[in-house]
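We're numbering straight along the sequence, starting at 1.
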Amino acid sequence: MSYQIEPIGIIRSPYKEKFAVPRQPGLVPSARSEIVLQGEANALEAVRGLEQFSHLWLLFLFDQNLEAGWRPTVRPPRLGGNERIGVFASRATFRPNGIGMSAVEFKGIRQDGKDIVIELGGVDLVDGTPIIDIKPYIPYSDSLPLATGGFADEEPDTLSVTFTARAESQLTGKQLARQRAVIEEVLAQDPRPAYKKGKPDSKEYGVHLFNYNVKFTVDDEKVTVTALDKPVANRKD
């Protein structure tokens, strides 16, 4: 049997590409995102009562990976990118049906013209990701204090982040403080490939966040933001 799933909405987030997206929700708490509902789901009746909950489960599609198919084994970054485990023992994006899930903070609902918009805290989703379902997070059943997390039992280590004078001068706009905080929290996670970590690295990297192409280097345990330039297409930040 086959089933057809239609997205009920689209994510708007600061992350304009897969590189540097947090590997789990909540790791970049300063980031703000939103779901723009669409189709028949774009109705106030569909979100009635949602304000009673502090967090939501989002089910979404790894739409940028669907054409690549799936892999029975993967190399999780938390294991250094070298050890293979089964895809079902991971949260890898290359899955049989390309479906992901995230528990995220609910911030509110607003109506933007004809669109119903659900405002969220820090998510781990690329801008434009299709949302296929939304469910309330229920603490008494969804929170399991005695659960164990295997190879990902502890939060990842973070790096310190500094800005050069040039990068500081390029931070502009009304969202200055929030954008700086998001950039710091994203880069503190060290988004480089796992095999690069703990090794000398002279490369300058770039990642699209908000309407910036954020350039940075990593030396030892410190990230240096060298420039924020070459504006890219910006959606609602």
Side-chain angles (χ1 to χ4, degrees), residues 9-36 58 60-65 77 93 100 102 104-105 107-108 110 112 115 117-131 155-194 196-197 201-237:
I10 295 293
I11 276 283
R12 295 289 179 245
S13 81
Y15 314 113
K16 309 305 179 183
E17 59 183 350
K18 291 187 292 183
F19 180 55
V21 172
R23 294 192 173 97
Q24 303 296 340
L27 292 179
V28 182
S30 296
R32 293 291 179 267
S33 300
E34 58 190 32
I35 300 171
V36 181
L58 304 184
F60 59 90
L61 293 176
F62 290 112
D63 60 310
Q64 296 189 23
N65 292 342
T93 59
S102 290
V104 302
E105 186 180 6
K107 292 289 189 178
R110 75 175 193 274
D112 188 359
D115 294 327
V117 179
I118 300 174
E119 300 170 342
L120 306 170
V123 303
D124 53 347
L125 304 178
V126 179
D127 186 59
T129 295
I131 302 299
E155 291 188 19
D157 295 331
T158 57
L159 307 181
S160 64
V161 179
T162 60
F163 288 69
T164 64
R166 176 189 176 193
E168 290 279 9
S169 69
Q170 293 173 311
L171 274 169
T172 60
K174 296 180 181 179
Q175 304 294 334
L176 173 64
R178 181 171 69 87
Q179 290 182 350
R180 180 191 172 112
V182 170
I183 292 169
E184 288 181 347
E185 291 168 6
V186 167
L187 298 185
Q189 307 295 323
D190 193 353
R192 297 175 301 159
K196 290 279 190 178
K197 297 179 181 180
D201 190 354
S202 59
K203 180 178 178 179
E204 183 180 56
Y205 295 85
V207 58
H208 291 174
L209 295 172
F210 300 106
N211 62 333
Y212 297 114
N213 184 18
V214 181
K215 303 286 187 64
F216 68 96
T217 60
V218 182
D219 181 21
D220 195 18
E221 297 299 311
K222 185 179 74 173
V223 177
T224 301
V225 180
T226 56
L228 294 89
D229 52 21
K230 296 182 180 178
V232 295
N234 188 30
R235 300 177 185 176
K236 296 178 182 177
D237 291 342

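Phe163 is linked by a ring pair (Phe, Tyr, Trp, His ring centres under 6.0 Å) to nothing, counting only residues two or more places apart in sequence or in another chain. Considering only residues two or more places apart in sequence or on other chains, Ala31 meets the side chain to side chain contact (heavy atoms under 4.5 Å, CB included) condition with Pro14, Tyr15, Val28, Val182. Thr217 pairs by the side chain to side chain contact (heavy atoms under 4.5 Å, CB included) definition with Glu204, Thr224, Thr226, not counting sequence neighbours. Under the side-chain hydrogen bond (donor to acceptor under 3.5 Å, both in side chains) criterion, Gln24 pairs with Arg91, not counting sequence neighbours. Partners of Asp201 by salt bridge (charged side-chain N to carboxylate O under 4.0 Å, His left out), not counting sequence neighbours, listed by chain and number: Arg192. When the side chain to side chain contact (heavy atoms under 4.5 Å, CB included) test is applied to Ala181, the partners found at least two apart in sequence or on another chain are Ser30, Glu185. Annotation: side-chain hydrogen bond (donor to acceptor under 3.5 Å, both in side chains) contacts of Lys197 (sequence neighbours excluded): none. By the salt bridge (charged side-chain N to carboxylate O under 4.0 Å, His left out) test, Lys222 is found to be paired with no residue, residues two or more places apart in sequence or in another chain being considered. The side chain to side chain contact (heavy atoms under 4.5 Å, CB included) check on Pro130 picks up Pro7, Ile10, Leu61, Asp63, with sequence neighbours excluded. Annotation: side-chain hydrogen bond (donor to acceptor under 3.5 Å, both in side chains) contacts of Gln189 (sequence neighbours excluded): none. Annotation: side-chain hydrogen bond (donor to acceptor under 3.5 Å, both in side chains) contacts of Arg23 (sequence neighbours excluded): none.
Note on Glu119 versus Arg110: salt bridge recorded, some NZ/NE/NH1/NH2 to OD/OE distance being below 4.0 Å.
The salt bridge (Lys or Arg N to Asp or Glu O under 4.0 Å) contacts involving residues 159-172 comprise Arg166-Asp229, Glu168-Arg180, where partners must be two or more places apart or lie in separate chains.
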Check your understanding: Does the side-chain hydrogen bond (donor to acceptor under 3.5 Å, both in side chains) test come out yes or no for Asp127 and Ser13, once each step is laid out?
Key -> CA-CA 5 Å; Asp127 186 59; Ser13 81; 4.7 Å; no
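Between the CD atom in Gln64 and the OG1 atom in Thr129 there is a gap of 6.5 Å [rounded to 0.5 Å].
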